[in-house]
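Report on the following structure.
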Protein chains: 2
Amino acid sequence: MVDVKGIANPLFLREEELRQAIEMLFFAYRDFTGEPDAMLADLGLGRAHHRVIYFVGRNPGITVSELLKILRITKQSLSRVLSHLVEEGYIVQRPGERDRRQRLLTLTQKGVELERRLTANQRERIATAFRNAGAEAVQGFNLVLHGIIDPEDRRRFDVPGTGGPLGAARLKAGAGKR
Amino acid sequence: MVDVKGIANPLFLREEELRQAIEMLFFAYRDFTGEPDAMLADLGLGRAHHRVIYFVGRNPGITVSELLKILRITKQSLSRVLSHLVEEGYIVQRPGERDRRQRLLTLTQKGVELERRLTANQRERIATAFRNAGAEAVQGFNLVLHGIIDPEDRRRFDVPGTGGPLGAARLKAGAGKR
DNA sequence: CCCTTTACGTCAACCATGTTGACTTACTTT
DNA sequence: AAAGTAAGTCAACATGGTTGACGTAAAGGG
């Protein structure tokens with residue numbers, strides 16, 4: 001039991017490395033959401049509203065059930081937030097054409113503007129981190145984060161033409177291995 | 001205004017790249033916390049308890065105010081969670097030696113065991129992602145995540161001997177640039 | 001030695017956002 | 001026509017954040 005934490009013990013390094021990752025994920029998420037949360041609070045909205053606005057903006061015409069799958073919350077929980085956003089004029093609903101039971105969701109101009117303001121903050125934070133870390137690091141970041149996500153949702157990041165996840169990032173990483 | 005999304009437009013690629021990062025961060029965090037949350041629910045605990053247990057385990061003898069700085073919540077909010085954990089025997093408090101106003105927090109054996117179970121899950125998820133992505137990708141992941149964190153908390157990840165953040169990861173990345 | 005500051009705790013009220021369960025309406029599918 | 005599906009609604013409840021006010025004990029500076 002000598003040298004438990006010494007350099008000769010790979011298990012300690014591994015444990016330490018993994019704990020660092022756990023903590024960085026916590027701090028990064030905390031800070032990543034902090035500023036948008038403050039902006040939202042000024043408008044009487046919360047983080048839940050942000051998530052809805054983000055994913056509706058990203059997937060115009062998305063159905064309620066698709067949105068529920070992404071957010072992994074109940075429809076009752078979504079309902080409170082979504083109906084508020086509709087009442088306040090951030091989002092419009094229209095019936096689906098093929099299936100008229102569906103309510104297709106789209107941002108209004110007001111919604112688009114809010115989404116832009118909120119996302120600009122997050123984008124800027126990430127852009128700075130990307131710039132400082134360099135292109136290779138960004139690929140590594142994408143690859144690891146991709147692997148942390150549940151398999152069923154990884155395919156959201158597949159890029160159609162490339163036949164693999166994450167488009168060019170994956171192609172390049174894969175090339176280096178094979 | 002032709003070719004707005006075409007390959008000739010670097011702004012579109014950049015925007016898309018940043019949005020992918022935003023979304024991956026959301027999905028990764030969602031899935032990273034999902035399974036521990038379910039374990040905690042069986043014990044009548046929540047994610048807030050997990051965070052406290054984690055950081056007390058990681059920093060034995062931490063003071064309440066240090067913990068508050070990490071979590072960025074109010075003491076009233078922490079109090080509810082922390083006193084519950086003390087009552088249930090996961091954490092013990094003892095007065096500080098130099099400053100007897102302080103309550104130094106430490107996990108009990110019961111607390112250590114719970115912490116291990118919860119963290120094992122997250123560690124496994126990250127370890128798998130690390131293994132599949134490769135060592136270089138892990139360094140990139142660390143470097144980018146580090147850059148996303150607010151500067152005042154980045155130093156938590158500095159490694160004493162190396163004179164820079166993230167120990168070896170940073171040394172290697174820096175060597176390539178200079 | 002007093003006085004101020006600090007570390008921590010507590011009570012109370014409120015809010016955002018998640019849950020479960022039961023039920024309805026409208027539409028699609030078989 | 002019957003069954004299934006998409007969405008909404010009402011109600012009750014839990015967790016974990018917030019602000020504000022106040023209390024206690026210890027530390028530290030004049």
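Hydrogens, waters and symmetry mates are skipped; everything else that's a heavy atom, side chains included, is used. Everything numeric in this text was worked out from a predicted model, so none of it was measured. We name chains A, B, ... by the order of the sequence lines, and we start the count at 1 in each one.
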Return the value, rounded to whole Å, for the distance between atom [atom1] of [X] and atom [atom2] of [N].
X	N	atom1	atom2	value
Glu87(B)	dG9(C)	CD	C1'	13 Å
Leu68(A)	dG8(D)	CG	C1'	12 Å
Lys69(A)	dT5(D)	NZ	P	12 Å
Leu82(B)	dG17(D)	CG	P	13 Å
His50(B)	dT15(D)	NE2	P	17 Å
Leu67(B)	dG16(D)	CG	P	14 Å
Glu66(A)	dA7(D)	CD	C1'	15 Å
Leu71(B)	dT15(D)	CG	P	18 Å

Applying side chain to side chain contact (heavy atoms under 4.5 Å, CB included), run through Tyr90(A) and Leu45(A) and close with a yes or a no. CA-CA 11 Å; Tyr90(A) 293 102; Leu45(A) 302 175; 4.2 Å; yes

Kindly work out whether a path of hydrophobic side-chain contacts (I/L/V/M/F/W/Y, heavy atoms less than 4.5 Å apart) joins Leu104(A) to Leu67(A). no

Donor-acceptor under 3.5 Å (Thr119(A) side chain, Arg116(A) main chain): no

Donor-acceptor contact below 3.5 Å, side chain Asn121(A) vs main chain Pro36(A): no

Is Gln93(A) touching bases, backbone alone, or none of the nucleic acid, heavy atoms closer than 4.0 Å? sugar-phosphate

Considering every strand and a 4.0 Å limit on heavy-atom distances, what is the contact class for Ser83(A): base, sugar-phosphate, or nothing? nothing

Centroid-centroid distance, Phe141(A) to Phe130(A), less than 6.0 Å: yes

Would you call the rings of Tyr29(B) and Tyr29(A) parallel, tilted or perpendicular, where under 30° means parallel and over 60° means perpendicular? parallel

Would you please classify the geometry between the His50(A) ring and the Tyr54(A) ring as parallel, tilted or perpendicular, with 30° and 60° separating the classes? perpendicular

Side-chain N or O of Ser79(B) versus OP1/OP2 of dG9(C): is the shortest distance under 4.0 Å? no

N or O in side chain of Thr63(A) less than 4.0 angstrom from dA6(D) OP1/OP2: no

Just by protein heavy atoms under 4.0 Å, how would nucleotides 16-24 of chain C read 5' to 3' in B, S and -? -BBBBBB--

What string of B, S and - do you get for nucleotides 25-30 of chain D, 5' to 3', when a contact is any protein heavy atom under 4.0 Å? BBS---

When you compare the side chains of Thr106(B) and Arg94(B), does any donor N or O come within less than 3.5 Å of an acceptor on the partner? yes

How long is the gap from NE2 on His49(A) to CG on Leu40(A), to the nearest 0.5 Å? 8.5 Å

